[in-house]
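Here is the structure we will look at.
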Amino acid sequence: MEIKFYNSLSRRKEEFVPLTPGVAKMYTCGPTVYNFAHIGNFRAYIFEDVLRRALEYCGYRVEQVMNLTDVDDKTIRDSREAGLGLSEFTERFKRSFFEDIALLKIEKAEYYPAATDHIPEMISLIKTLMDRGYAYRADDGSVYFSIAKFANYGKLSRMDMGAQRPGERVCNDEYDKDAVADFALWKSWSESDGEVFWESPWGKGRPGWHIECSAMSMKYLGKTFDIHTGGIDNLFPHHEDEIAQSEAANGCRFVNFWLHCGYLTVEGEKMSKSLGNFYTLRDLLEKGYKAEEIRLVLLGTHYRKKLDFSFKALGQSRRTLESFAELFRRLGSVEVKVSKGLGKLLRDADEGFSKAICDDLNIAGATAVLHGLAKDVNKLLDMDKVSEEDASEVMKLFRKFDRIYGVLPLDVAPEGDSIPEDVSLLLDERRAAREQKDYAASDRIRDEIRALGWAVEDSASGQILKKLH
RNA sequence: GGCGUGGUGGCCGAGUGGCUAGGCAGUGGUCUGCAAAACCACGUACACCGGUUCAACUCCGGUCCACGCCUCCA
């Protein structure tokens, strides 16, 4: 199926055509491992995950690279503060990053290259840029890219560097660059770097911020590849600089499709530590929210729009997941034998869902299809018009939709094994009371069970126990 | 100053030149001993002002407002 993406380069939706038929090669800007990732970061990773899942949904084999930035100003600063070596310091954040994305049901990329494992590749790329005349060594020993030499500079961000007003936010004197917008490829060692440095043809130092993405994408995906993504804040200067470096060095197009996701706010405000609305995944888990609920909130709006993360939305997600769990439970206990056939209903839903997803990842449209199908199926279940065979077809389709969502409670086992003994005894007692139509006792026991953290609902087939949150 | 995004019913959030998006909350109802769940019904929204058109929330122009980027940032 044809899939369309909004390409930041052309500023319009374009049909996705990969370089190699059937294969989608993508580079996704990953974490800087100097701290625990926050929900703003996860918004981006979840967007990238949906992109990946959508490509797979459409039959592509995905080759994804997500870099781990394990050396930069902040990483060096904080590792020194912690009194740890760089790799020792970043190791725990790398580990927690992988734990977090697993909890959030983010599919793993094929490659997670770390910057510090690719210094030779970066040096070699910088050398090429020097040889081709795009880079120069400044008096401070650092190597800079000269944007004046690259005619296409600004094609992604549509910035006319000549029209900018340099110097308003940055003091020119701090730099030994020829032009303010020139950016560092190699930063010469300074005292604040401590033990962190590598030898290079330009003396000891460390790579600039942008060069790792060029060097590593090239290594794993080739000089030209299909998709590059990141947060909108990376569009300039990071991605613009990547294009400049890569295309200047290779003399060919760097990336065909650039996709950027919007910002995340928390309760309507920009997330920041000073506002006290800065949340990591573990912060939210400690508050009792589940990773699935968090993922669903982050899936709540189109990736290019700004997304407001709120506790109200988290609560809504919980209810949504519970109502789906209830539907799947009902589907699992169908006893009707004769099938009326739900063919058209399922076909329409399938088609509507794919159409939405393939239209620049219209997740909200897809979610409407999901809810529409749930409502239709519930209606039929109320009328006893769903056979066992129909139910399994319906489940199969929801399972297919979940290849995108990754959070549907498809395999909700009846809370069986986890029911505490006291609750289980009360349940038996209540059943006995109900058999004797002793509703006063039944209601009293229901309250007792509720006090223990469980809700009891009565249905035609008996009592249904649900854990309260 | 330059570049860009957006303003949809109580809240969240899709979309389209004419045909009910959807969710949450609310109200009424069906079902139920009650409750819950599920289902049904109801609210007739698209910032403002013009223009194009048989017809605009959807296209064009302008206004107002909010927000983002212009070397920390997903």
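Residue numbering restarts at 1 for every chain, and letters A, B, ... go by the order of the sequence lines. The analysis underlying the following values was restricted to heavy atoms, covering all of them including side chains, and did not include hydrogens, waters or symmetry mates.
Using a 4.0 Å heavy-atom cutoff across all strands shown, A:Phe183 reaches no nucleic acid atom at all.
Within 3.5 Å, a donor on the side chain of A:Asp443 pairs with an acceptor on the base of B:G33, or the reverse. For A:Arg446 against B:A35, a side-chain N or O and a base N or O form a donor-acceptor pair under 3.5 Å. Checked by distance alone, A:Asn41 brings no side-chain donor or acceptor within 3.5 Å of a matching partner on the base of B:C73. Under 3.5 Å, the side chain of A:Arg158 and the base of B:G4 form no donor-acceptor pair of N or O atoms.
With B:A35, B:G22, B:A74 as the choices, the nucleotide that has an atom nearest any side-chain atom of A:Ala44 turns out to be B:A74.
With P as the reference atom, B:G13 and B:U30 are 35 Å apart, rounded to whole Å. With P as the reference atom, B:U44 and B:G33 are 36 Å apart, rounded to whole Å. Nucleotides B:U16 and B:C31 are separated by 42 Å at their P atoms, to the nearest Å. Comparing the C1' positions of B:G1 and B:U58 gives an interatomic distance of 33 Å, to the nearest angstrom.
Without hydrogens or angle criteria, A:Asp438 side chain to A:Ala441 main chain gives a donor-acceptor distance under 3.5 Å. With hydrogens and angles ignored, the 3.5 Å screen pairs a side-chain donor or acceptor of A:Ser8 with a backbone N or O of A:Trp258.
Paired with A:Asp360 under the rule salt bridge (charged side-chain N to carboxylate O under 4.0 Å, His left out), one option of A:Arg304, A:Lys13, A:Lys4 passes, and it is A:Arg304.
Applying the Watson-Crick and G-U wobble criteria (two distances, each under 3.5 Å), B:C69 pairs with B:G2. Pair assignment for B:C64: B:G7, on the basis of Watson-Crick or G-U wobble contacts that are both within less than 3.5 Å.
Atom NZ of A:Lys385 is surrounded by 12 or fewer heavy atoms from other residues, nucleotides or ligands within 6.0 Å.
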